[in-house]
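The next block holds one structure in the form of C-alpha cells; read it before the comments.
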Amino acid sequence: MNAPKVHTHELPTLERAEHGVVMRFAPNPSGPLHLGHARAAVLNDAYVERYGGRYILRIEDTDPKRVDPDAYRMVQEDIQWMGLRITDIFYQSDRFDQYYKIAAQLIGLGGAYVCTCENEQFRLLKQAKTPCPCRGRTIEENQDLWQKMLGGEFYEGEASVRVRTSLDHPDPAMRDFPAFRILNEPTHPRIEAQVYPLMNFTVAVDDHLMGVTHVIRGKDHIANTRRQRYIYEYFGWNEPVYRHYGRMGIEGVVLSTSQMREGIRSGTYSGWDDIRLGTLRALARRGIKPEAVRQVVLDIGIGETDISFSWDNLFAKNRDIIDPVADRFFFVPDPLSLTIAGASAREAHALLHPGDEKKGYRTLKFEYEVLLPRQEFQKEVKMIRLKDLFNVHVDWSSGTPVLTYAGESLSDARALKAPIVQWLPTGDATPCTLHTPDGDVQGLCESAVSSMADQVIQFERVGFARIDCVTPDGITAYFCHK
RNA sequence: GCUGCUAUAGUGUAGUCCGGCCAAUCAUGUCGGCCUUUCACGCCGACGACUGGGGUUCGAAUCCCCAUAGCAGCACCA
C-alpha cells in the first residue's frame, strides 16, 4: 500500500578504496548461479557502485572436469538477471599461454618446481614436513622438466608444478601447494590443453594482471588467500585488500552445484529451476525479484560469522517490492460447485489492487452457481461472505451445505464473524495448477489471469504467485510466498 | 590429528577496534489488538539475546585466559 521501504544495513567501508576499486566476480561454470554466488556477486557489485571503478567477470574454467558447457550461458543469464554492472569479462581458458609464461618465470625465480612424485607419497611426506626428492632439483632441471610437461612428455598424474613455500609451516595446507597438473581427459570444451593451471595460481596471476584491488569472498578461501600470497611475494606484487565473509547455509536447501546436479539426474528435481532449489533461476520462477535478493544479501553483509539464512527474510524483502504492484485475483483451490438460492444475477466488481483504485476493477458475473474453496466448509459455518458480492447462509441440515442469499450488509457479516472468501462464477473459471514447494494444488482461477503470464500476482487469501505459462489447457502458476 | 576463522533474541543484523552514553539497535518471526470486503498491506503492543567459566577494572557484550560449540582448509576442485 505504501512505497517499499528501503531498509538495508550499510556495508562497512573498505580500506584503500577512496580512489576507486577494481573488483571481480569469479564463478566456476559448473552450473547456474545460486544464492551463494549471489552473495559474492552482489557484495562486490555494491562496493564497485559505492567507490566507482571496474567490475570484472572472470570465468574460472580451468578444471575441465567441472565445466558444464551450458553453464557459460546460464551464468551470463543469471548475471543479467541480477543486474550486475560488469565492465570486463575474461575467460581463464583463454589465458593458458599467459599462465605458462608466468609459471616459467616463477620456476626461474626458484619459487616453483616440477614434482614427479606420486600424489599419495607426497601427501605423506608433507604430513611429516619432509621434502620430496623433487624439491632439490636445480632451476635448470625444473625449467627443462617444465618444457617437457608442456611438450606432452608426461601423462596424467606423472608430473605437477608446486609452489615452494615452507615445509615446516604449521598449517599443512600451506606446504608446497600445487599450481599445475596434467590432465589427458576429459577434453576442455573451449580449448586444447594437457597442462592445466590450478586455481591458486590463476587467481593470484589474474588478480595481479587485472589490477584487482579488493577481493571479497567466502572464508572457505582464507587458506587460498594465504597460499596466493606466496606467489605475490615471489614476484613482489602489491596485494589486494582481502575480506572473507562467513559460510552461508539456507534452511532446507542444498547449495552445492554437484548435489543439485545429482538430484536432477536422479529425477528428484525437475531441473535447475525446480522451485525447491536455491538457484537464482528457481527463485525467479517463483516470483522472487532480483532486487529482493540484492537487499537481503546487503542486509546480511560481509560478517565472518557462519549463518543459516532464513527464507522469511528474503520473502519479507520480496513482499515489500511486489505487494504494492501485484494485481489481485481469485484462485479457488479444490473447488466446490454450489448454487445460491434467493439471489438475482448480477455483476461483482473487485479492485485489482486494494491500495490503488486507479488500477481499476475486474468483473465477476454472478449467475446463481459459484465455485468455492472446499476447505471453507470444514466446520459448521453459519454464514460466509463472498468477497465483493454478498452474504450467504449455510444450512447444514441436509448434511451437505445449502446456500441461500443472506443480504448485502458487510457489517452483518462482520458481526457474525463470517469468513470473507474468494469465489468464482462457474462460467469464468480457468483451470490453474499452483506449484508449491510442498506439492501441487489444483484449482480454478479468474480467466483474466490468462493475460498475466510472467507476472507476479496475488491470489487473495492464498498468497503471491508467479504466472509461469498459459496454455489452452490452463494456467501454471508458482507459489511465491504469503 | 594439524592449521585457521567465528560465537549478540527462532532467523539476520548494529554495537566489539578506542571499556562507562547498552537495563543492548534495526529488520524478520511469533502472539495479541486495531484497521481492512484477502489469511496481503498499514498501525499499536508484547515476546525474545551478549555460548560457559575465570581474570583485569570503580565499571566488561566490548580487554585477557581457559573451556565449549560451529565452520573451513590440510585435493594434481573452485
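Below, chain A is the first sequence line, B the second, and so on; all start at residue 1.
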Tell me if the side-chain of Gln458(A) makes a donor-acceptor pair with the base of rU38(B), cut-off 3.5 Å, by modelled atom types.
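Check passes, donor-acceptor contact within cut-off.
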Would you say the side chain of Glu10(A) and the base of rC26(B) hold a donor-acceptor pair, judged only by whether the two atoms sit under 3.5 Å apart?
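In this structure, the two groups form no donor-acceptor pair.
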Please enumerate all residues that pass salt bridge (Lys or Arg N to Asp or Glu O under 4.0 Å) together with [X], with sequence neighbours excluded.
{"X": "Glu15(A)", "result": "Arg243(A)"}
{"X": "Arg226(A)", "result": "none"}
{"X": "Lys358(A)", "result": "Asp356(A)"}
{"X": "Asp94(A)", "result": "Arg190(A)"}

For [X] and [N], is the shortest distance between a side-chain N/O and OP1 or OP2 below 4.0 Å?
{"X": "Arg66(A)", "N": "rC76(B)", "value": "no"}
{"X": "Asn313(A)", "N": "rU11(B)", "value": "no"}
{"X": "Arg319(A)", "N": "rC41(B)", "value": "yes"}

With the side chain of Asp388(A) defined as its heavy atoms from C-beta on, choose the nearest nucleotide among rU37(B), rU38(B), rU28(B).
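Within the option list, the nearest is rU37(B).
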Over how many whole Å does the gap from [X] atom [atom1] to [N] atom [atom2] extend?
{"X": "His353(A)", "N": "rC41(B)", "atom1": "NE2", "atom2": "C1'", "value": "8 Å"}
{"X": "Met174(A)", "N": "rC74(B)", "atom1": "CE", "atom2": "P", "value": "9 Å"}
{"X": "Glu357(A)", "N": "rU36(B)", "atom1": "CD", "atom2": "P", "value": "15 Å"}
{"X": "Phe330(A)", "N": "rC39(B)", "atom1": "CZ", "atom2": "P", "value": "12 Å"}
{"X": "Phe315(A)", "N": "rG12(B)", "atom1": "CZ", "atom2": "P", "value": "16 Å"}
{"X": "Glu185(A)", "N": "rC76(B)", "atom1": "CD", "atom2": "P", "value": "19 Å"}
{"X": "Leu372(A)", "N": "rU38(B)", "atom1": "CG", "atom2": "P", "value": "17 Å"}
{"X": "Leu124(A)", "N": "rA75(B)", "atom1": "CG", "atom2": "P", "value": "10 Å"}

Using the closest heavy atom to pick a nucleotide of RNA chain B for each, name whichever of Ala223(A) or Met199(A) lands nearer the 5' end.
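Its nearest nucleotide being more 5', the pick is Ala223(A).
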Mapping Asn224(A) and Gln375(A) to their closest nucleotides on RNA chain B, which lands nearer the 5' end?
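Between the two, 5'-proximity favours Gln375(A).
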Going by salt bridge (Lys or Arg N to Asp or Glu O under 4.0 Å), name the pairs with one or both residues in [range], residues two or more places apart or in two chains.
{"range": "residues 251-262 of chain A", "value": "Asp68(A)-Arg261(A), Glu262(A)-Arg265(A)"}
{"range": "residues 34-46 of chain A", "value": "Asp45(A)-Arg85(A), Asp45(A)-Arg294(A)"}
{"range": "residues 148-157 of chain A", "value": "Asp144(A)-Lys148(A)"}

With rounding to the nearest 0.5 Å, note down the distance linking OH in Tyr242(A) to CD1 in Ile216(A).
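Answer rounded to 0.5 Å: 12.5 Å.
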Counting primed atoms plus P, OP1 and OP2 as sugar-phosphate and everything else as base, spell out the protein contacts along nucleotides 13-18 of chain B at 4.0 Å heavy-atom distance: B, S or - for each nucleotide, 5' to 3'.
S-----
So what does [X] touch, heavy atoms closer than 4.0 Å: a base, only the sugar-phosphate, or nothing?
{"X": "Arg227(A)", "answer": "sugar-phosphate"}
{"X": "Ile182(A)", "answer": "base"}
{"X": "Cys117(A)", "answer": "base"}
{"X": "Asp63(A)", "answer": "sugar-phosphate"}
{"X": "Glu376(A)", "answer": "base"}
{"X": "Lys65(A)", "answer": "nothing"}
{"X": "Gly157(A)", "answer": "base"}
{"X": "Asn200(A)", "answer": "nothing"}
{"X": "Thr62(A)", "answer": "sugar-phosphate"}
{"X": "His221(A)", "answer": "base"}

Give me the distance, rounded to whole Å, that separates [N] from [M] when you measure between the [atom1] atoms they each carry.
{"N": "rU25(B)", "M": "rA9(B)", "atom1": "P", "value": "13 Å"}
{"N": "rC18(B)", "M": "rG29(B)", "atom1": "C1'", "value": "35 Å"}
{"N": "rC21(B)", "M": "rU28(B)", "atom1": "P", "value": "27 Å"}
{"N": "rC63(B)", "M": "rA14(B)", "atom1": "P", "value": "15 Å"}
{"N": "rG48(B)", "M": "rA67(B)", "atom1": "C1'", "value": "27 Å"}
{"N": "rG10(B)", "M": "rG19(B)", "atom1": "C1'", "value": "31 Å"}
{"N": "rG12(B)", "M": "rU38(B)", "atom1": "P", "value": "34 Å"}

Whether over 12 other heavy atoms sit under 6.0 Å from Glu233(A) CD
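Check passes, neighbour count above 12.
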Is Arg95(A) close enough and on-axis enough to Phe90(A), meaning under 6.0 Å and within 45°, for cation-pi?
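The answer is yes; both the distance and angle limits are met.
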Do Arg162(A) and Phe180(A) form a cation-pi contact, if we require the NZ or CZ to be under 6.0 Å from the six-membered ring centre and within 45 degrees of the ring's axis?
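No, Arg162(A) does not lie over the aromatic ring of Phe180(A).
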Between which residue ranges does RNA chain B form stems of three or more consecutive Watson-Crick or G-U wobble pairs, both distances under 3.5 Å?
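For RNA chain B the paired stretches long enough to count as stems (3 pairs minimum) are B:1-7 with B:68-74, B:10-12 with B:26-28, B:29-34 with B:42-47, B:51-55 with B:63-67.
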Regarding Asn200(A) and Gln228(A), do their side chains bring together a donor and an acceptor under 3.5 Å, going by distance alone?
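Judged by distance alone, the side chains do pair up.
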Distance alone, cut at 3.5 Å: any donor-acceptor contact between the side chains of Asp61(A) and Tyr72(A)?
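Yes, Tyr72(A) and Asp61(A) have a side-chain donor paired with an acceptor closer than 3.5 Å.
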Could you list the protein-to-nucleotides 2-4 of chain B atom pairs, N/O on both sides, closer than 3.5 Å?
{"unit_1": "rC2(B)", "atom_1": "O2'", "unit_2": "Pro170(A)", "atom_2": "O", "d": "3.0"}
{"unit_1": "rU3(B)", "atom_1": "O2'", "unit_2": "Asp171(A)", "atom_2": "OD2", "d": "3.1"}
{"unit_1": "rG4(B)", "atom_1": "O2'", "unit_2": "Arg226(A)", "atom_2": "NH2", "d": "3.3"}

Parallel, tilted or perpendicular, judged at 30° and 60°: which one describes the rings of His37(A) and His34(A)?
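Rings of His37(A) and His34(A): tilted, as their planes differ by 30° to 60°.
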Determine, stepwise, if the pair Glu291(A) / Gln295(A) fulfils side chain to side chain donor-acceptor pair (under 3.5 Å).
CA-CA 6 Å; Glu291(A) 185 59 21; Gln295(A) 295 265 323; 3.2 Å; yes
Does anything in residues 151-172 of chain A pair up under ring-ring contact (aromatic ring centres under 6.0 Å, His included), and if so which pairs, sequence neighbours excluded?
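The answer is none; no pair qualifies.
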What I'd like to find out is whether the side chain of Leu145(A) reaches to under 4.5 Å of the side chain of Val161(A), using heavy atoms alone.
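Sidechains of Val161(A) and Leu145(A): no contact.
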Among residues 403-425 of chain A, which contact RNA chain B at a heavy-atom distance under 4.0 Å?
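The stretch gives Leu410(A), Arg414(A) as the residues lying under 4.0 Å from the strand, ordered by number.
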